[in-house]
Each structure stands twice: as structure tokens, then as C-alpha cells.
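Reviewing the structure listed below.
Letters A, B, ... mirror the listed sequences (proteins, then strands); counts begin at 1.
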Amino acid sequence: MSAPGSSCTEPGPPLWLLAELTYRCPLQCPYCSNPLDFARHGAELSTAEWIEVFRQARELGAAQLGFSGGEPLVRQDLSELIGAARGLGYYTNLITSGIGLSEARIAEFATAGLDHIQVSFQAADAELNDLLAGSGKAFARKLAMARAVKAQGYPMVLNFVTHRHNIDAIERIIELCLELEADYIELATCQFYGWAELNRAGLLPTRAQLERAERITNQWREKLAAQGHPCKLIFVTPDYYEERPKACMGGWASLFLDIAPDGTALPCHNARMLPVQFPNVREHSLRHIWYDSFGFNRFRGDDWLPEPCRSCDEKGRDFGGCRCQAFLLTGDAEATDPVCAKSAHHGLILDARRQAEEAPLGLERLVHRNARTSEIICRSRSE
Amino acid sequence: MSETTLNDIPQLRRGFRFQWEPAQNCHVLLYPEGMVKLNDSAAAILGQVDGDRSIAAIVAALRERFPESDGIEEDVLEFLEVARERSWIELH
């Protein structure tokens with residue numbers, strides 16, 4: 001089947017496979033990127049089903065594999081999955097909160113062939129970290145596990161999702177990461193999907209907060225470069241302070257393949273919110289899914305683009321922006337991403353910025369991500 | 001930083017992996033959450049980096065493999081300097 005409304009040439013291979021092994025997680029971060037209705041999703045793929053996904057994706061050309069979730073450590077077969085993936089030639093990345101990790105498991109994963117561990121933190125101090133994570137001893141555990149990861153010689157990425165309540169401590173965050181000997185520090189300002197979108201009024205930083213954080217990050221980059229320090233700082237600005245949309249995922253279904261816990265295949269981990277039918281690995285081969293399925297071809301190429309994108313000379317750069325953001329903000333998955341100043345809906349972004357200045361919500365108003373709340377959301381939506 | 005010399009022994013840093021990818025029809029360098037496609041000359045040089053061989057030995061091996069090519073020593077030194085700046089390799 002050719003793409004609906006697309007005249008593009010054959011897409012390249014999926015180079016990146018993200019395996020969302022589970023939506024289960026011991027933490028309750030209010031900006032979780034899992035779907036709001038995660039509690040209602042179907043049974044997780046079995047060990048054998050996951051390994052078959054890895055095999056097929058590797059055959060298509062995927063080289064990077066991320067084990068993610070939820071918290072991937074809750075899967076008791078994680079070592080086996082790592083071993084199988086490494087045996088197929090993947091570069092294997094474990095993306096974890098650190099909760100559920102132990103020195104023994106870190107060693108077991110090394111034996112299985114794990115290449116890298118990314119540990120996420122919620123803040124640079126215990127009180128705020130544990131408040132955001134909704135878990136009493138998370139911070140102490142994360143510190144211990146980050147140290148253990150480095151002690152066992154792994155390369156380590158430390159990831160901080162930043163927002164209005166922790167971004168002013170950016171200097172302390174960077175210092176903590178350096179103390180923990182991170183090889184890469186990701187300072188990713190919250191993007192507003194899933195639970196983060198639900199909590200946007202309590203998370204979006206002000207422009208002044210963001211600019212200060214970026215300035216301090218740049219100062220640290222210069223300082224580290226001058227020292228010949230190998231640590232790299234990655235700063236992700238939120239779309240809400242841009243005037244042009246991002247080239248989401250490098251283009252719809254062009255590089256990235258996400259498999260949700262129940263086997264649903266997605267071009268990005270947020271895409272299942274879209275009014276698009278996505279295929280499941282239990283029913284179709286990955287080759288069919290990547291090249292031929294309706295869902296993966298839905299926004300490939302540029303024939304589907306609306307105005308003002310269609311006649312815009314920047315369409316080859318940003319492909320009309322993010323489909324999920326367009327859908328969340330306008331109710332129309334084909335609309336121009338409202339982040340773009342040329343969008344008729346850009347006022348929604350300006351309103352959100354104004355709210356961050358004038359009427360933000362406090363920390364105590366954040367809705368934590370957990371199964372109980374997810375059930376309530378499902379119920380209220382079905383009524 | 002000191003200058004790269006022929007006696008230095010380059011080694012990929014832990015977490016970096018060099019491998020052939022049939023789907024991309026090229027060698028790549030893989031690292032945490034990232035991948036660089038390598039052109040033929042970069043791949044020929046990195047393919048010689050084993051943590052054992054000095055830069056001089058790598059140059060000699062490449063001269064033997066590509067007897068027609070000029071400027072191999074300069075190319076190797078230049079590439080390994082860039083690789084070090086990007087923290088792909090360390091020199092011993």
C-alpha cells in the first residue's frame with residue numbers, strides 16, 4: 001500500500017528501537033510521558049515476543065536499542081532481553097529511574113552485555129526529588145545507584161527533566177552530575193504530552209527561568225571544554241518558547257520505532273494519543289509495520305500538509321512540527337503545530353507563556369502519575 | 001592539551017563501539033544514545049584502533065593497504081585529533 005496522501009520515496013530503515021517494556025513504575029512523576037490511560041492497556045509482551053521484535057527490527061537496520069518504560073527494571077527478564085539484544089548486535093541502553101537497581105543487577109547486566117545506563121533524577125536535593133517522584137527514599141537510592149554504575153565502569157547519562165520547580169537549581173544539578181562522574185548530562189525541559197500536559201500550568205517555566213538556565217549551562221560548557229573535560233551537556237528547550245516547531249522525531253516514522261508494552265508499534269512514544277490506528281507486533285511483521293502500515297505512512301512525506309505549511313519554505317526543515325502537539329492543542333492531528341508563529345492557533349502557546357508568568361500552579365497542585373489516577377481519568381473520559 | 005604524536009596509542013573509550021551496519025552500508029560508531037556514520041577513510045583508520053597499536057603502526061598498516069595513497073600520516077593524525085576532541089578515543 002502506498003501512503004495516504006504521500007508521494008515520498010521509500011523511507012530509510014528504523015535506526016532506533018525504543019522498547020517500552022512496561023508501563024509499571026514505582027515512581028509517580030507528574031510529567032511522565034506514558035499515556036494518561038496507561039492503566040487500561042493490555043498485557044505486556046512476553047520475553048519471547050520481545051526477542052522476536054528485537055530480531056526483526058535488527059534485520060530492518062535498527063542499531064540503537066533503548067530499554068524503557070515505565071520502569072524497565074520491574075521486568076524480571078531484563079537480563080535475558082539485554083543478552084538477546086546484545087547478541088543481535090545492538091548498542092543497548094537502559095533508561096531507568098534507578099529504583100529497583102542493585103549492585104548485583106548492574107553486574108548481571110554487564111555480563112549480559114549492557115552498553116550504557118541512563119539514570120534519571122527529579123531534582124538535585126532529596127526533599128524536592130522525593131516530593132516529585134512521590135517516593136520517600138528515591139533520591140538516596142538514585143545517588144547510590146549512579147555511583148555503583150560508574151564504579152562498574154559503565155558510561156552513564158544522567159537525565160534531569162527540568163520545569164519551573166527545579167530549573168533554578170540548574171547549577172547545583174550540573175555540579176551533582178559532575179560529582180557523580182556522568183559522561184553526559186541531559187537537561188531536558190519538560191515537553192507537554194501525557195501527564196506533563198495535564199500538569200502544564202504547574203510545570204512550564206517562565207522565559208526568564210529558561211534563559212537563565214541556558215546561560216548557566218553554556219557557561220559550564222565553556223568551563224568543561226577549557227578543562228578538556230569529557231562530560232557533555234545536552235540542553236533541551238521546551239517547544240513552548242520557540243517560534244518555529246521542531247522537526248519532530250526527525251520526521252514522521254523516518255528513524256524511530258517505538259514498541260509499547262502491549263506490542264503496539266508507534267513512530268514515537270506519544271503517538272498513541274492520536275486518532276490513528278497503529279499496528280501491533282502480535283499481528284504484523286515489523287517490515288509490514290514500518291514500510292506498509294497505514295499508521296506509519298499517515299504523515300510521511302509532505303502531501304498531507306495543510307496551509308500555512310504547504311507553501312512554507314521551511315517545510316523541509318520541520319515537516320509541520322509535532323503531530324501530537326497539534327492534536328493536543330487544536331484537536332486536529334493535521335494542523336500546523338501551534339508552536340509555529342505562523343499557526344492560527346499560536347495564541348494558545350502565548351496564553352501558556354502568560355500563565356507561566358501570571359498564574360502558575362504550585363507544587364502541591366501537581367497530579368502524580370499512578371494507576372489509581374489513571375483509572376479515574378479513564379472512567380471520567382468514558383462517561 | 002598535548003599534541004598527538006606518532007608514539008601515542010589510541011583506544012576507543014569505554015561505551016564506544018565500532019561496527020559494520022549492512023542496512024546503512026557503512027561502518028558506524030555507536031555510543032550512549034547516539035550513532036555516527038563513518039566515511040571510508042574514517043572507518044579504515046578506526047578499524048585499526050585496538051588499544052595496542054601506536055599511531056605509527058596504524059600509519060604503516062594503512063600504507064601497506066593503500067600503497068597508492070599520499071598523505072596517510074597527516075590524515076591519520078588529523079582524524080585521531082578530531083576523534084580525541086570528540087571524546088571517542090583516548091591516547092596512551
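- Residues of residues 111-122 of chain A that come closer than 4.5 Å to chain B, counting heavy atoms only, are Asp115(A), His116(A), Gln118(A), ordered by residue number.
- Glu186(A) touches chain B through its side chain: at least one heavy atom from C-beta onward sits under 4.5 Å away, while N, CA, C and O do not.
- Under a cut-off of 6.0 angstrom, the local environment of CD in Glu179(A) is crowded, with over 12 non-hydrogen atoms contributed by other residues, nucleotides or ligands.
- Along residues 5-32 of chain B, the residues that come nearer than 4.5 angstrom to chain A, judged on non-hydrogen atoms, are Arg13(B), Arg14(B), Gly15(B), Phe16(B), Arg17(B), Gln19(B), Glu21(B), Ala23(B), Gln24(B), Leu30(B), Tyr31(B), Pro32(B) in order of number.
- For Asn39(B), the CG atom counts as densely surrounded, since its 6.0 Å shell holds more than 12 non-hydrogen atoms of other residues, nucleotides or ligands.
- For the side-chain contact (heavy atoms from CB on, under 4.5 Å) test with Glu33(B), the passing option among Asn93(A), Asn159(A), Ile234(A) is Asn93(A); the others fail.
- Within a 6.0 Å radius of CD in Glu74(B), more than 12 heavy atoms belonging to other residues, nucleotides or ligands are found.
- With a threshold of 4.5 angstrom between heavy atoms, Tyr184(A) approaches chain B through side-chain atoms but not through N, CA, C or O.
- Highest contact tally toward chain B, considering only Val157(A), Leu15(A), Asp183(A), is held by Leu15(A) [criterion: heavy-atom pairs under 4.5 Å].
- If you measure heavy-atom distances from Leu65(A) to chain B, you find no contacts under 4.5 Å at all.
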